[in-house]
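Nothing fancy with the numbering, it's 1 onward along the sequence.
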Amino acid sequence: MAASDGAFVRQVKPQSVVEQVTAEIRRSIVSGELSPGQEFSLRETAAHLGVSTAPVREALRVLQGEGLIIARRARSAVVAPMDLEDLRAIYQLRRLIEPAIAGRSCTLLTAADLAALERMAGAFGDEHASIDAIYETHRQFHLSLLGPAATAWDLRVLETLWNAAERYVRIGFGRLDPIPAEHSRRGLAHHDLVDAFRSRDSGTAQRAVLRHLDDNERIARKAIVDAT
C-alpha cells in the first residue's frame with residue numbers, strides 16, 4: 001500500500017485474491033503498521049498490492065464487519081480507533097463463548113493433542129521469538145485448544161473476535177516484551193491452561209479460560225490507558 005508511513009511492504013499473490021488482500025490489510029492493522037485513525041486510499045492500496053480495486057473493496061467490507069476499519073465514500077477507509085468500550089465488548093463476548101467450548105473440548109483432546117499444546121506453550125517463553133511468530137503460535141494454540149468441540153459457526157465467530165482483540169493485546173504485550181520475566185509468565189500461563197484441560201474436568205477448564213481472558217483484557221486495558 002502506498003500509505004504515507006510505508007505500510008504494506010509485501011505483495012499479494014494472485015490466487016484467492018480477496019482472501020489474500022483481506023489477510024494483508026488485516027495483518028497491517030493488527031500489527032500496528034497501519035495505526036488507529038490512519039486513513040488509506042482504496043486505489044493506492046490496490047496499486048501497491050498489484051490487484052484491481054474490486055477485491056480491495058470486498059476486503060474492506062469484510063474488515064468493516066470485523067470492526068477493524070471504517071469505510072468512507074470517497075474511495076478511502078480509516079483504521080478504526082482503539083477504544084476501551086470496544087475492548088470490553090470484545091471480551092464480554094469471548095467470555096460468553098470460549099468457556100462453554102472449553103468445557104466440552106477438554107473431554108475430547110487426545111494425549112497427542114495435549115502434548116502438542118505443551119510444546120506450543122513452551123514457545124511462549126522464547127525471548128528471541130518475534131512478536132509475529134509469537135502471535136501465530138498463540139492463535140494456533142487457542143485454535144487447537146478449543147477446536148475439537150468448536151462448530152463451524154463457533155470458529156467463524158471466534159475468528160472475528162480474535163482478529164478484533166489481537167491489535168489490543170499486541171499493544172499490551174508489546175509494551176511488556178522487553179521484560180525477560182514476561183516471557184516466562186506467558187509460557188506458564190499457557191502451561192496452566194494445558195494442565196486445566198488435562199484434568200478432563202469441564203468446570204476446571206472453563207475457569208482457567210475465564211482467568212486467561214481476564215488477564216489478557218487487564219493487560220491490554222492498562223496499555224491503552226498508559227498510552228493516552
Quiz item: Would you say the side chains of Tyr168 and Asp86 form a donor-acceptor pair under 3.5 Å?
Solution: yes
Quiz prompt | Partner set under side chain to side chain donor-acceptor pair (under 3.5 Å) for Gln64, not counting sequence neighbours | solution = none
Practice problem: Hey, can you tell me if His212 and His142 have their rings parallel, tilted or perpendicular (30° and 60° cut-offs)? | Solution: tilted
Quiz item: Are a donor atom and an acceptor atom from the side chains of Thr160 and Asn163 found within less than 3.5 Å of each other?
Solution: no
Self-check item: Closest non-hydrogen atom pair between Ile70 and Pro81, with its separation
Solution: CD1-CD, 4.0 Å
Self-check item: Gln140 side chain to Ser144 side chain, donor-acceptor N/O pair below 3.5 angstrom
Solution: yes
Quiz item: Among all residues two or more places apart in sequence or in another chain, which pass the ring pair (Phe, Tyr, Trp, His ring centres under 6.0 Å) test with Tyr91?
Solution: none
Quiz item: With a 4.0 Å cut-off, would you call Arg156 and Glu159 a salt bridge?
Solution: no
Quiz item: Of all residues at least two apart in sequence or in a different chain, which pass the salt bridge (charged side-chain N to carboxylate O under 4.0 Å, His left out) check with Asp192?
Solution: none
Quiz prompt | Pair Glu44 + Arg75, salt bridge at N-O below 4.0 Å | solution = no
Quiz item: Do other residues, nucleotides or ligands put more than 12 heavy atoms under 6.0 Å from the CD atom of Glu118?
Solution: yes
Practice problem: State plainly whether the residues Arg95 and Glu217 are in salt-bridge range, i.e. N to O under 4.0 Å. | Solution: yes
Quiz prompt | Donor-acceptor pair between Trp162 and Glu66 side chains, under 3.5 angstrom | solution = no
Quiz prompt | Exceeds 12 heavy-atom contacts within 6.0 angstrom, atom CZ of Arg43 | solution = no
